[in-house]
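Below, all heavy atoms of this structure are taken into account, side chains as well, without hydrogens, waters or symmetry copies. Below, chain A is the first sequence line, B the second, and so on; all start at residue 1.
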Amino acid sequence: MFQPVPPRPDLVPMEHETLEFWRERGTFAALRAQNERGPKWSFLDGPITANNPMGVHHAWGRTYKDLYQRFHAMLGEAQRWQNGFDCQGLWVEVNVERDLGFTSKRDIEAYGIAQFVSLCKQRVLTYAARQTEQSIRLGYWMDWNDPDELRRLRDLLAADAAQVATVDGPRGPVTDTVEMIVGRLGMPELGGSYFTFSNENNDLIWGFLAECHRRGWIYKGHDTMPWCARCGTGISQHEMTEGYQDRDDPGLTVRFPLVDRPGESLLIWTTTPWTLTSNVAAAVGADLRYVRVRVGDDSFWLAKGTLKSALEGRHEVLEERPGSDLVGWRYEGPFDDLPAVVEAFAKGTRVHPEAPYEHRVVAWTEVGEEEGTGIVHVAPGCGAEDYALGTSLGLPIIAPLDESGIFLDGFGSLSGRDVRDVTDPIVEHLRHAGRFQRLETIRHRYPHCWRCGTALVFRLVDEWYISMGEVYDQPREALTREQVDRSLRYQIMEVVDSIRWIPGFGYERELDWLLNMHDWMISKKRYWGLALPIYECATCGTFDVLGGQEELRERAVSGWDRLAGHTPHRPYVDEVVIACQTCGRETRRIPDVGNPWLDAGIVPFSTLHYREEPEYWAQWFPADFVTESFPGQFRNWFYAMLAMSTVLRREAPFKTIFGYATLFAEDGRAMHKSWGNAIEFDEAAERMGVDVMRWLYMSSRPDDNILFGWHAADDARRRLLILWNVYAFFVTYARLTGWTPGPEDPPVEERSPMDRWILSRAAGLAAAAQDRLGDYDAVAATRLIDTFIDDLSTWYLRLSRKRFSRGSGADQAGAFATLHAAIVALARVTAPVLPFLTEEIYRNLIVETDPTAPHSVHLTSYPTAELSPLRDEALEAAMATARRAVDLARTLRGTANLKVRQPLARLWLALPGGDLHELEALVALIAEELNVRHVELIGDESSLVERRVKVLLPKVGRRLGSAIPAVMAAARDGAVDIRADGTVVIAGVVLGADEVEILAMPRPGTVVAHDEGLLVVLDTELTPDLRAEGDARELQRAIQDLRKDAGLELDDRILLHVEGLARAVAGHLGGVADETLAELVSSSPVGGRRATVELEAGPATITLARRPPGPRVS
RNA sequence: GGGGGAGUAGCUCAGUUGGUUAGAGCAGCCGUCUUAUACACGGCCGGUCCCUGGUUCGAGCCCAGGCUCCCCUACCA
């Protein structure tokens, strides 16, 4: 017997019960064991940053991951089920700093790097545990660590990293120091999620970098880079885009007096006043026109095209020259007296090192007239482009800032001041010196640190890069083999070609990035992260890149003992000293840590133990599938994986990549706590339930953004409730009837067309859903499921209800068996999308009555093959026609104001093509549903119908061309000649039988409904007999209403008295009593509930009361 | 600045190789059905398919130009 089902499900507590059930029964472990020997399907998880609780946007992506893994598990495929955590880098550092109240790198160094790094690890373990719990709540099946165990390791690490601990692994207990156990997380002996801070992950990146170095691609660059003064590190190109924000800056116009033209000045414009301290030149466009203007007593030079925007008030143009005339003019700089400037200029230029340099005008192709004055202030130490220009001209370079953004010595009163606070003193200085012209406020997009939000400055620094290779000025297909072999970027592009990108534009976008990207800056002047294995000799300047811990141990000349027992992180790894291979002197590691995308990019190798277990690696590489949110990943995770796999293997690390867009709040804006539109994952899970969330996500188009919120969740829930209601209906009546599945159920081929139809639909659903899910198309799959739920509820069940409540024998058993099978099939098809709801249904419908069945829906196979014999497409097509006929007739009833309760004598029906598969049964079904006594089929010859010709335009359009309007008009008018052989002549054109359809159309003046050759006519005449029967139905409905008012149970019997009933209606009373489980009392009202019904034959009064159990009263 | 995507009902979105009358859900209005006991179902209302031109017998769809929004990307002071 099935367990009773609440009519209104409380989804959230049910989900918790299911989680508990899976835990108790070890369902996930059973699934893994069951598929262990199956064909492999390799999913590679993109690591989630273990730095905060996961958000609802993570749940979107994680639902895809879970859906496809569950789906492939139902296909019997073996999987690795390994989640990943991204652990190293500035993300974590910034939060640890915040917790400690630190504001700069000096605070960290004072605190101690070892302790700081330990806190970073602890933070990762804290949030890995938290995200693990949240993922489990989502229903995400992975080989999860025990969150409590992760927290225990964190606490042990905090107490004493060197203490020895033992943890349980899949192959038995593992004993090691706490620090090393943490460093071995995710390894085979420990199992669970991979952590990018693991020893193996770091070691394989060393191997990758050494390989790059072997090919000569690693170099140290000296350049002016975007720099975050708070974090004290350069920001790479990969990180820049995320940090552009609108910002108000000073727009400062300054005069540079010309040395050789007294009384005249250049006007320059800048939004970064602090860079004026380091000005060395003023650039003009050689081909632009420049003018000298008089404003009051002053005389200025500026570009002609900027006159309107750059000058306020009246001016007079005195002179005009091309920019090339200005080149070479000397001018007085804004801060000529500063010692740093004097010192830098004293060395002269590269061309003339003997003479001190003086400020001068130079030509630059980049100068335009869109902004400012058309004369650009050039400070090579403060801007990347300025640096390139300065270097090419051999100009002096002044670098004013230290790594915290503090002015260095040599800048007078500015020295020691923070770059963010110097605008006012600089403006003040310029006013005093008579150089100030104008100050306004400019709102523009300016780069900010993507982690801490601080506005970036530009700073001259040394950073380490991987060369991405030359960009050739020719199309890819024209490149020679040698050119490709020389340039890494083109090699990556070839790998990109071999990958399936969903959606397709991802392919072009990745290629675009690869073509335009600069060399990969891999260094960060920070503390927590990959220790870059670059050893630069202070003596001879050469450097070496080590390929792993093993090589480090071999080459160590001192300090190895201080690293032993520690993970390869700062500060301990820095203790190891090696000998320079060139000069033999002691050489140390550069202090920089690595770009965190190295950490995530290596996972196709590290998590598959590329070096340690090559056979294992070969079984799972490349991954069949990866998925991640698009924004950012083309230049981050996708890129890093592609680059690293290309270097190491020159092949793709994954076969298919699926990207999805961005999640916003319901108001269309990004979610922000301070805006009050954010929804936390935990809140969403406990209020809407995760199945609702999962349905919402999986039914949304991945390439569009999702607007996530409570209203969207309500819509999703409504769909799921329909499914629930069908299930609840089934269980209610199965329990009342005592039906359970068994061998006595009639075979499918003996069941009604309705039964065979819904089973065919279920078979079709399974096949189509499997096809779509196999193609990573969850939207299409959920649409198919949704349509099926609709068919099941509004067509199958609505029309079959009586068979469950009032049926008997084989027909009833067939109905129960059919609905049972349909719901179970639906549950199995939907299980990957809605793991909780389907589990609930499956457990009750299958496990309750079949102890031999798998204990979970997730242990069953995808049901396509099992159901395929039930497919009957001809029946499905015929049913669609019948359904349309019912819809048309209902519309007619509505317009004629005839309730379905009122029986009608006749319905005339013309069918497209004149026939229908399983005609008789479907016609009976139509009659029943529409409450008509007879359905009469009519053909072409009927007086109700005339034959119309529908011209099949797609077939004949090309042939007919300009004759179409005439043909169509004639066809509309009915001016057609239908010949015996099926051909048709319209407007003098002969159309073949396959070029037209002959449709039945209503003759004008008849009350009918029609659609595509299907035509329905209702006989609206009501005889006394029909009226009486309608009244009886009305009476019955009133009694049922009254039962409901009285709060009676479905199977309660009643005593019923009816008063004032017309004789014609009274004849139907017996039937009414049967339907309402009533025992008629003729003598007097029975007390209890009372109501009056307005019938066609006049009002009647009913009274009813629950009948006590026992023998008949009268 | 360059590249890509989008613009369809009040809202969220479908719309097939170009085919006659452009659809769904939600919202609104009006009904219907009730032994799935407020669970649902149906109908109506609602459209300058962003604008202008072109190709075509025929354009939401193809082409050109313009407008607006989003994304990616970029060295603009």
Side-chain angles (χ1 to χ4, degrees), chain A residues 7-8 237 240-241 244 251 268-272 275 282-283 364 366-368 370-379 382-389 444 503 505 508-509 512-513 515-517 630-632 634-635 661-662 700-701 703-705 707 711-712 714-715 718-719 721-722 724-733 736 779 783 786 790 793-795 797-798 801-802 804-806 887 890-891 893-895 897 899-901 950-958 960-969 971-972 1036-1037 1040-1041 1043-1045 1047-1052 1075-1077:
Chain A
R8 307 204 59 184
Q237 184 202 9
M240 280 294 287
T241 309
Y244 275 97
I268 66 97
W269 183 77
T270 181
T271 56
T272 49
T275 62
W364 195 16
E366 300 299 320
V367 176
E370 298 78 28
E371 268 183 309
T373 61
I375 306 178
V376 176
H377 138 67
V378 178
C382 305
E385 306 73 48
D386 300 37
Y387 180 80
L389 177 68
H444 61 162
F505 64 76
E508 279 87 23
R509 195 171 280 187
D512 186 59
W513 164 255
L515 190 63
N516 294 301
M517 69 170 298
F630 266 159
F634 291 100
R635 62 177 188 280
T662 307
S700 300
R701 278 164 43 102
D703 39 350
D704 272 352
N705 297 331
L707 304 185
H711 292 102
D714 286 342
D715 288 347
R718 216 165 305 164
R719 305 308 303 171
L721 283 183
I722 297 176
W724 183 267
N725 285 324
V726 174
Y727 161 66
F729 174 93
F730 168 81
V731 171
T732 303
Y733 284 100
L736 279 175
V779 186
R783 273 201 193 130
D786 196 53
D790 192 64
S793 166
T794 68
W795 192 246
L797 187 53
R798 238 177 74 80
R801 276 185 305 197
K802 270 246 160 60
F804 295 93
S805 59
R806 285 280 178 278
D887 282 346
R890 280 213 197 103
T891 307
R893 271 187 174 271
T895 50
N897 206 15
K899 297 174 178 174
V900 176
R901 243 177 276 132
K950 178 187 175 187
V951 180
L952 298 175
L953 265 174
K955 280 194 175 168
V956 301
R958 205 161 289 280
L960 297 191
S962 58
I964 283 181
V967 171
M968 297 307 289
R972 255 194 303 277
Q1036 181 180 324
R1037 190 195 59 82
Q1040 302 290 21
D1041 268 358
R1043 282 184 62 115
K1044 177 175 152 190
D1045 284 349
L1048 298 183
E1049 295 297 325
L1050 292 183
D1051 51 353
D1052 280 337
E1075 288 289 324
T1076 56
L1077 302 180

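Taking 4.5 Å as the limit, some side-chain heavy atom of Val967(A) sits within range of a side-chain heavy atom of Val951(A). Within the 4.5 Å cutoff, the side chain of Leu736(A) has no heavy atoms near those of the Phe804(A) side chain. Looking at Trp364(A) and Glu385(A), their side chains come closer than 4.5 Å, going by heavy atoms from C-beta outward.
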Check your understanding: Yes or no on side chain to side chain contact (heavy atoms under 4.5 Å, CB included) for Thr275(A) and Thr270(A), after CA distance, side-chain angles and deciding distance?
Key -> CA-CA 9 Å; Thr275(A) 62; Thr270(A) 181; 4.0 Å; yes
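The nucleotide whose nearest atom lies closest to any side-chain atom of Val367(A) is, among A77(B), U34(B), A40(B), A77(B). For Ser805(A), whose side chain is taken as the heavy atoms from C-beta onward, the closest listed nucleotide among U35(B), A40(B), A77(B) is U35(B). When distances are taken from the side chain of Glu385(A) to each of A36(B), C75(B), A77(B), the shortest belongs to C75(B). In this structure, of A77(B), A14(B), A36(B), it is A77(B) that holds the atom nearest to the side chain of Trp269(A). Among C39(B), C75(B), A77(B), the nucleotide with an atom closest to any side-chain atom of Val376(A) is A77(B).
Closest-nucleotide positions on RNA chain B for Ala963(A) and Phe729(A) were compared, and the one nearer the 5' end corresponds to Phe729(A).
If you check every strand for non-hydrogen atoms under 4.0 Å, Leu797(A) touches a base. Using a 4.0 Å heavy-atom cutoff across all strands shown, Gly383(A) reaches no nucleic acid atom at all. Note on Asn516(A): nothing from the nucleic acid sits closer than 4.0 angstrom, heavy atoms only. Here Ser793(A) lies in heavy-atom contact (under 4.0 Å) with a base.
With both ends at atom P, the span from U56(B) to G18(B) equals 16 Å, rounded to whole Å. Here the separation of A64(B) from A74(B), taken at their P atoms, is 27 Å to the nearest Å. Distance noted for atom C1' between C63(B) and U55(B): 7 Å (whole Å). When the P atom is compared between C51(B) and C44(B), the two are found 27 Å apart, to the nearest whole Å. As rounded to the nearest Å, U8(B) and C50(B) have C1' atoms that lie 10 Å from one another. Rounded to the nearest Å, the gap between the P atom of A9(B) and that of A22(B) is 14 Å. Here, C61(B) and A14(B) have their C1' atoms 14 Å apart, quoted to the whole Å. Atom name C1', nucleotides C76(B) and G58(B): the rounded distance is 50 Å, in whole Å.
Looking at Asp512(A), its side chain never comes within 3.5 Å of a backbone N or O of Glu508(A) through a donor-acceptor pair. Judged by distance alone, with hydrogens and angles left aside, the side-chain atoms of Ser793(A) form no donor-acceptor pair with the main-chain N or O of Asp790(A) at under 3.5 Å.
In this structure, CG of Asp786(A) is placed 9 Å from C1' of G25(B), rounded to the nearest angstrom. Following rounding to the nearest Å, Arg718(A) (CZ) and G25(B) (P) show an atom-to-atom distance of 12 Å. Between Ile722(A) atom CD1 and C41(B) atom C1' the separation is 10 Å, expressed in whole Å. Spacing between atom CG of Asp790(A) and atom P of C26(B) amounts to 11 Å, rounded to whole angstrom units. For the pair Leu515(A) CG and G2(B) P, the computed distance is 17 Å after rounding to whole Å. Rounded to an integer number of Å, the gap from Lys802(A) NZ to A36(B) P is 9 Å. Rounded to a whole Å, the CZ atom of Arg801(A) is 16 Å from the P atom of U32(B). What separates CZ of Arg783(A) from C1' of G23(B) is a distance of 12 Å, to the nearest Å.
Contact annotation: Arg635(A) side-chain N/O to U73(B) OP1/OP2 distance is under 4.0 Å. In this structure, Tyr733(A) reaches the A36(B) phosphate: one of its side-chain N or O atoms is under 4.0 Å from OP1 or OP2.
Applying the Watson-Crick and G-U wobble criteria (two distances, each under 3.5 Å), A64(B) pairs with U52(B). Nucleotide C69(B) is matched to G5(B) when pairs are restricted to Watson-Crick or G-U wobble geometry with both distances under 3.5 angstrom. Nucleotide A40(B) is matched to U32(B) when pairs are restricted to Watson-Crick or G-U wobble geometry with both distances under 3.5 angstrom. The partner of A77(B), taking Watson-Crick or G-U wobble pairs whose two distances both stay under 3.5 Å, does not exist in any strand shown. Pair assignment for A14(B) gives none, since no Watson-Crick or G-U wobble pairing has each distance under 3.5 Å. Applying the Watson-Crick and G-U wobble criteria (two distances, each under 3.5 Å), C57(B) pairs with G19(B).
Shown here for Thr373(A) and Ile268(A), the closest heavy-atom pair between the two residues is OG1-CA, 3.5 Å.
Remark: Thr732(A) OG1 to Phe730(A) CZ distance equals 10.0 Å, nearest 0.5 Å.
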Hey, what are the protein-to-nucleotides 15-20 of chain B N/O distances that come in under 3.5 Å?
| unit_1 | atom_1 | unit_2 | atom_2 | d |
| --- | --- | --- | --- | --- |
| U20(B) | O4 | Val951(A) | O | 2.3 |

Using a cutoff of under 3.5 Å, can you pull out all pairs of nitrogen or oxygen atoms linking the protein to nucleotides 68-71 of chain B, with atom names and distances?
| unit_1 | atom_1 | unit_2 | atom_2 | d |
| --- | --- | --- | --- | --- |
| C71(B) | O2' | Arg509(A) | NH1 | 3.3 |

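Note on ring orientation: taking the six-membered ring where Trp is involved, the planes of Tyr733(A) and Phe729(A) are tilted (angle from 30° to 60°).
For the salt bridge (charged side-chain N to carboxylate O under 4.0 Å, His left out) test, no residue two or more places apart in sequence or in another chain qualifies with Arg783(A).
Below the 3.5 angstrom threshold, one finds no donor paired with an acceptor across the side chain of Thr794(A) and the base of A40(B).
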